[in-house]
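Below is one structure, written out as structure tokens; comments come after it.
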Amino acid sequence: MDAMNSMLDKQVEITFSGIQQPLKGVLLEVSSDLIVIYNELNFYYIPTIHLQYMTLNQHPTTFLDPPTEYPFELESSSISYRKMLMSAKGMFVEIYITGNQSVHGYLTHIMNDYFAFHSPIFQTIFISMKHVKYVVPYHPNTTPYSMKLENFLVQPSQVTFSRTFEQQLKKLETMFVVLDLGENPHKIGVLNTCNHPFLEVHTATGKSVIHSDHVKTIHLPASRKGDNFTGRIV
């Protein structure tokens with residue numbers, strides 16, 4: 001902590017899991033599980049668990065003057081990952097998970113180790129907290145995809161929310177699910193069984209066994225309007 005505190009209000013360069021290029025900006029806040037970086041365009045709220053290294057930017061190309069007001073209301077003396085998520089609830093944000101997987105929308109429910117997120121593309125997504133690489137708030141008076149606010153109304157979820165991500169996975173047994181935003185066809189299909197720590201998914205071409213610790217997100221395919229399909233295979 002002392003090493004990072006010495007870099008506060010200075011331009012830094014950081015690398016963390018999932019990104020291809022280092023992120024450069026001013027280090028604004030530090031806690032045991034969260035740092036805040038401003039890079040002239042956006043505020044980045046980054047869980048420290050994914051931080052690989054941080055160093056002072058010895059050759060900054062621009063002078064950065066961060067705004068005095070932050071998007072999320074956080075007390076600097078007690079910032080934390082969970083408090084940031086609570087403050088972000090209901091606000092438009094970008095959440096980066098890994099690779100090319102970014103989702104846009106807003107948090108609706110925050111549970112013990114995951115949260116529910118509403119996206120106009122994926123509808124309700126359950127996202128494991130430990131796999132979030134960063135959260136970027138949208139600028140005021142802007143919306144994802146320039147959509148009107150009424151298009152972001154949350155549709156009633158097909159399932160209720162459990163306290164933990166593992167319990168939520170168990171609740172989705174026998175339902176047609178998409179894991180990790182469908183990045184891999186082996187992660188799309190019927191969740192046949194969930195016996196910790198392994199999931200058995202029946203895909204279009206066979207069967208996949210997946211370790212639950214590596215499941216980043218899970219969502220149900222959006223039903224068409226007027227369709228009675230609930231996602232559960234009986």
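- Around the CZ atom of Arg82, the shell of radius 6.0 Å holds more than 12 heavy atoms that belong to other residues, nucleotides or ligands.
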Residues Glu40, Asp65; criterion side-chain contact (heavy atoms from CB on, under 4.5 Å); working and verdict:
CA-CA 8 Å; Glu40 189 177 27; Asp65 186 17; over 6 Å; no
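- A single hydrophobic cluster is not seen to contain both Phe198 and Leu169; linkage of ILVMFWY side chains at heavy-atom distances under 4.5 Å, directly or through other members, places them apart.
- Pairing each heavy atom of Thr48 with each of Ser32, the nearest pair is OG1-O, 2.9 Å.
- A salt bridge links Lys130 to Asp213: at least one charged side-chain nitrogen sits closer than 4.0 Å to a carboxylate oxygen.
- Both Ile127 and Tyr138 belong to a single network of hydrophobic side chains, linked directly or stepwise wherever heavy atoms of I, L, V, M, F, W or Y lie under 4.5 Å apart.
- Minimum heavy-atom separation, Ile37 to Gly25: CG2-CA, 3.8 Å.
- Within the 4.5 Å cutoff, side-chain heavy atoms of Leu85 are placed close to those of Met129.
- Residue Tyr45 is tested with Leu28, Ile35, Leu34 for a side chain to side chain contact (heavy atoms under 4.5 Å, CB included); the sole match is Leu34.
- Of the listed residues (Asn42, Leu41, Asn39), just one forms a side chain to side chain contact (heavy atoms under 4.5 Å, CB included) with Val136, and that residue is Asn42.
- The shortest side-chain heavy-atom distance between Lys133 and Ile19 does not fall under the 4.5 Å cut-off.
- Annotation: the span from Thr193 atom OG1 to Lys207 atom NZ amounts to 8.5 Å, rounded to 0.5 Å.
- Residues Met111 and Ile218 fall within the same hydrophobic cluster, defined by Ile, Leu, Val, Met, Phe, Trp and Tyr side chains chained together at heavy-atom separations under 4.5 Å.
- Counting non-hydrogen atoms of other residues, nucleotides and ligands closer than 6.0 Å to CE of Met86 gives a total of 12 or fewer.
- Glu183 places a side-chain heavy atom less than 4.5 Å from the side chain of Lys216.
- Phe165 and Tyr114 have tilted rings, their planes meeting at an angle from 30° to 60° on a 0 to 90° scale.
- Residues Ile14 and Ile46 have side chains in contact (heavy-atom distance under 4.5 Å, counting atoms from C-beta outward).
- The shortest heavy-atom contact between Ser80 and Ser31 is CA-OG, 4.1 Å.
- The two atoms that bring Phe126 and Gln168 nearest to each other are CZ-NE2, 3.4 Å, heavy atoms only.
- A continuous path of hydrophobic side-chain contacts links Ile110 to Val103 [ILVMFWY only; heavy atoms under 4.5 Å].
- The structure places CG of Leu107 at 10.5 Å from CD1 of Ile125, a figure rounded to the nearest 0.5 Å.
- Between Tyr38 and Phe43, the ring planes lie tilted relative to each other; the angle falls in the 30° to 60° range.
- When side chains are defined from C-beta on, Tyr145 counts as touching Ile121, because their heavy atoms get closer than 4.5 Å.
- Using a 3.5 Å distance cut-off with no hydrogens or angles, the side chains of Thr15 and Gln52 do not pair a donor with an acceptor.
- Aromatic ring orientation, Phe16 versus Tyr134: perpendicular (interplanar angle above 60°, classes split at 30° and 60°).
- No single ILVMFWY cluster, assembled from side-chain heavy atoms under 4.5 Å apart, contains both Val209 and Val190.
- Closest approach of Met54 and Val12 over heavy atoms only: CG-CB, 4.1 Å.
- To the nearest 0.5 Å, atom CG of residue Leu199 and atom CG of residue Asn192 are 11.0 Å apart.
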If you apply the rule side-chain contact (heavy atoms from CB on, under 4.5 Å), what do you find for Glu166 with Cys194, and how did you get there?
CA-CA 9 Å; Glu166 195 70 39; Cys194 177; 3.9 Å; yes
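- Residues His109 and Phe115 place their aromatic rings such that the two centres sit no closer than 6.0 Å.
- With contacts defined as side-chain heavy-atom distances shorter than 4.5 Å, the pair His118/Tyr106 qualifies.
- The number of heavy atoms from other shown groups lying within 6.0 Å of NZ (Lys24) does not exceed 12.
- Counting heavy atoms from C-beta outward, Leu181 and Phe122 have side chains that approach closer than 4.5 Å.
- Judged by distance alone, with hydrogens and angles left aside, the side-chain atoms of Tyr96 form a donor-acceptor pair with the main-chain N or O of Gly18 at under 3.5 Å.
- Shown here is Leu51, whose CG atom has more than 12 heavy atoms of other residues, nucleotides or ligands within 6.0 Å.
- For the pair Tyr53 and Glu13, the minimum side-chain heavy-atom distance is below 4.5 Å.
- A distance of 10.0 Å separates CD in Gln11 from CG in Leu56, rounded to the nearest 0.5 Å.
- Taking CG of Leu149 as the reference point, atom CG of Asn141 lies at 9.5 Å (rounded to 0.5 Å).
- Here the NE2-NE2 distance, from His196 to His211, works out to 7.0 Å after rounding to the nearest 0.5 Å.
- Residues Ser208 and His186 come closest through the heavy atom pair OG-O, 3.0 Å.
- Checking His219, His131, Lys187 one by one against Asp180, the side chain to side chain donor-acceptor pair (under 3.5 Å) holds for a single residue, Lys187.
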